[in-house]
Amino acid sequence: MSGDPRLAGRCAEAACRACGESGLLPVVDLGCLPLADALLTAEQLERPEPRYPLEVAFAPGCALLQILETVPPEVLFDRDYPYYSSFSETILAHARANALELIEARRLGAGSLVVELASNDGYLLRTFVERGIPVLGIDPAPGPAGAAAAAGIRTRCAFFTRDLARDLVAEGFRADVVIGNNVLAHVADTGGFLDGIAWLLNDDGVAVIEVPYVRDLIERNEFDTIYHEHLCYFSATALARLLGRHGLVLHDVRRLPVHDGSLRLYAGKAGTPAAPVRALLEEEAALGMDGHAYYRDFAVRVERAARALRERLADLKRGGARLAAYGAAAKGATLLNYAGIGAETLDFVVDRNVHKQGRYMPGVRLPIRDPAELLARQPDYVLLLAWNFRDEILAQQAEYRQRGGRFVVPIPAPEIV
Ligand code: DWN
């Protein structure tokens, strides 16, 4: 456990985001870090950037892992929010398979309605639109929402809330399917968000929600996936209790490899949990995931992993190697800033997302360039910040590797490939 008595004091005073009970227990303190997706322009380099505490606590009442700080969503997901899902072939294929399975399983057609919350740039809804199935995307970030609308996908640029759900129902919207991938963890008003889903769903509708799985985060030491956008870190145990408090039943659940460990939940207004739900809940109980002790050594493991990576890269640098990084990912900002890896080690970061190129990583202020820079400058090593897309990126960068370039995969432990 993080032994810091000040953290323990702040946790004890905090109220759980899900159940409202106080008496949270400390897990790890990552310090005061910049916002992971707040990429800097050249002009902003002249000014200090805001930093916020990144402290992780466990709620014994409902088994939910969460951060204490709530950065206003309008600050996090502003007009400069740079995350676009369509820059990953892995995510596009994953989304397409999810959509096609739902079309088949739910017999969706022209009389159906699919609503996606945090629909981003339309990366998922496009598959429904191609088949003439009515959709509605909802996303608060103007950039991605604008890209979806430009692609012909009906989109509202807004935060999904109880009030918006009520307005949509009043306008005549009732959904056969509500999809929410990598959004539930981002929502400050989790209860209102789930109430909104329950209101928007038809009585026999299904909510399909994907979240990073806290078990993979702990077991694979994926501490860099902790940042201010991610307010909660979910287990099936915490999710079942949370959904139940908001009129939803966890029908089914699947563990997925995407983002190196996610859960996909299927929930509705009635029904009973299927065998996979009962089995996963039993697994989690056997692991003790409903107790604070499950997280007992995480803080030590995080510090050890960060130090091992920093020292491994410093050794390469001392040996005369030139190093860069791949993936201006939110997780990359946490990794570099927490581990203290910056311009003393890395020369630049590359990323396929054109909205990120030309900007600078938060905190460490490394320039973000087009991936073509790897062949142009042929650094000896590239730190893979987007390790969750390892296979896709290593294949994509075959030429760089054939020329002798090596990737350093940081998570779960430093590995040179
Ligand atoms: O929850 C979230 C996850 C799903 O996505 C969001 N809050 C923020 C974001 O987190 P992230 O930035 O860590 O996610 P990614 O998708 O792992 O970031 C990968 C980065 O790598 C993106 O900037 C795109 C880039 N990329 C690339 O340059 N070339 C990705 C692939 C696959 C590539 O080939």
Side-chain angles (χ1 to χ4, degrees), residues 33 35-39 67 71 73 75-78 80-95 117-121 123-124 139-141 143-144 180-188 209-214 216-217 222-234 256-264 324-338 348-362 366 368-374 382-398 400 407 409-411:
L33 296 187
L35 298 180
D37 269 320
L39 306 184
I67 62 173
V71 176
V75 172
L76 287 171
F77 307 105
D78 65 2
D80 291 329
Y81 185 68
Y83 182 76
Y84 290 70
S85 301
S86 294
F87 283 100
S88 161
E89 300 303 327
T90 304
I91 292 301
L92 289 174
H94 173 77
L117 313 178
S119 48
N120 198 264
D121 57 8
Y123 75 105
L124 189 152
D139 196 291
N181 292 341
N182 296 298
V183 56
L184 188 60
H186 300 61
V187 175
I209 297 170
E210 281 182 23
V211 295
Y213 188 22
V214 72
D216 293 298
L217 189 162
E222 298 170 352
F223 69 89
D224 53 346
T225 61
I226 297 171
Y227 40 86
H228 299 96
E229 290 173 37
H230 290 171
L231 298 169
C232 300
Y233 301 82
F234 291 112
L256 301 172
V258 70
H259 290 300
D260 273 62
S262 296
L263 286 181
R264 179 184 290 161
Y326 191 123
K331 62 174 76 67
T334 292
L335 184 70
L336 297 180
N337 282 287
Y338 174 75
F348 57 93
V349 179
V350 297
D351 197 293
R352 278 175 76 193
N353 180 339
V354 294
H355 305 282
K356 297 188 176 184
Q357 294 169 7
R359 298 222 203 149
Y360 295 80
M361 291 293 285
L366 291 168
I368 303 167
R369 302 275 187 263
D370 184 300
E373 198 81 356
L374 295 185
V382 175
L383 177 61
L384 185 56
L385 298 174
W387 43 262
N388 49 318
F389 296 124
R390 171 182 176 147
D391 295 346
E392 179 177 351
I393 292 170
L394 291 185
Q396 177 199 109
Q397 295 301 322
Y400 163 74
F407 276 88
V409 183
I411 298 292

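Predicted model, so just to flag it, every value in this text is computed and none were measured. In each ligand, atom 1 is the first atom listed, and ligand 1 is the first ligand listed.
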### Task
Give a yes/no verdict on whether any heavy atom in Tyr326 is under 4.0 Å from an atom of ligand 1.
yes
### Summary
Heavy-atom proximity to atom 15 (P) of ligand 1, picking from Lys331, Gln397, His230, Glu210, points to Lys331
### Message
Tell me whether ligand 1 is touched by Thr90 - counting only heavy atoms on the residue side and a distance under 4.0 Å.
### Response
no
#### Entry: Min N/O separation Asp37 to ligand 1 under 3.5 Å
no
### Proximal candidate to atom 6 (C) of ligand 1 [heavy atom criterion; set His228, His355, Glu229, Glu89]
Glu229
### Message
With respect to Asn182, determine whether any N or O atom, backbone or side chain, lies less than 3.5 Å from an N or O atom of ligand 1.
### Response
no
### Summary
If you compare Asn353, Asp351, Thr225, Val354 by their heavy atoms, the one closest to atom 22 (C) of ligand 1 turns out to be Asp351
### Query
Looking only at distance, does Ser88 have an N or O less than 3.5 Å from an N or O of ligand 1?
no
### Message
Regarding atom 14 (O) of ligand 1: of the candidates Tyr83, Phe77, Phe87, which has the closest heavy atom?
### Response
Tyr83
### Message
So for ligand 1, is His186 a polar contact partner (N or O within less than 3.5 Å, distance only)?
### Response
yes
### Query
Any idea which atoms of ligand 1 are less than 4.0 Å away from a heavy-atom of Ala386?
19 (C), 21 (O)
### Task
Run the ring-centre check on Phe234 versus Tyr213 and record whether the distance is less than 6.0 Å.
no
### Message
Going by salt bridge (Lys or Arg N to Asp or Glu O under 4.0 Å), name the residues that satisfy it together with Glu229, two or more places apart in sequence or in a different chain.
### Response
none
### Query
Can you list the residues that meet the ring pair (Phe, Tyr, Trp, His ring centres under 6.0 Å) rule with Phe87, with sequence neighbours excluded?
none
